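I have placed the structure first, in the form of structure tokens, so that the comments after it can refer back to it.
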Amino acid sequence: MLIYIILALVLWLVAPIVINGRVKKKSDRKALIMLCRILAGVFVGLAIYRELFI
């Protein structure tokens with residue numbers, strides 16, 4: 001569970017900072033940041049699911 005939480009925090013906080021420096025188009029940058037946040041939410045949900053039901 002701890003690995004999922006750490007990975008989610010990295011995706012939520014660090015990846016957008018890296019994406020801002022690498023991607024030129026503003027629309028692509030916003031889409032990738034949104035994708036990172038969605039994936040981070042999925043990882044948190046998966047961590048909670050595994051903790052409760054497995």
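Bear in mind that the values here come from a model prediction, so they are computed numbers and not experimental data.
- Each side chain to side chain donor-acceptor pair (under 3.5 Å) pair with one or both residues in residues 27-42, not counting sequence neighbours, would appear here, but there are none.
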Which pairs would a plain distance check flag for residues 1-26, meaning a side-chain donor or acceptor within less than 3.5 Å of a matching protein atom at least two apart in sequence or in another chain?
from  : atom 1 : to    : atom 2 : distance (Å)
Tyr4  : OH     : Arg50 : NH1    : 3.0
Asn20 : ND2    : Pro16 : O      : 3.3

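- When hydrophobic clusters are built by joining Ile, Leu, Val, Met, Phe, Trp and Tyr residues whose side-chain heavy atoms come closer than 4.5 Å, directly or via intermediates, Ile54 is not grouped with Val42.
- Applying the ring pair (Phe, Tyr, Trp, His ring centres under 6.0 Å) definition to pairs two or more places apart or across chains, those involving residues 30-54 are Tyr49-Phe53.
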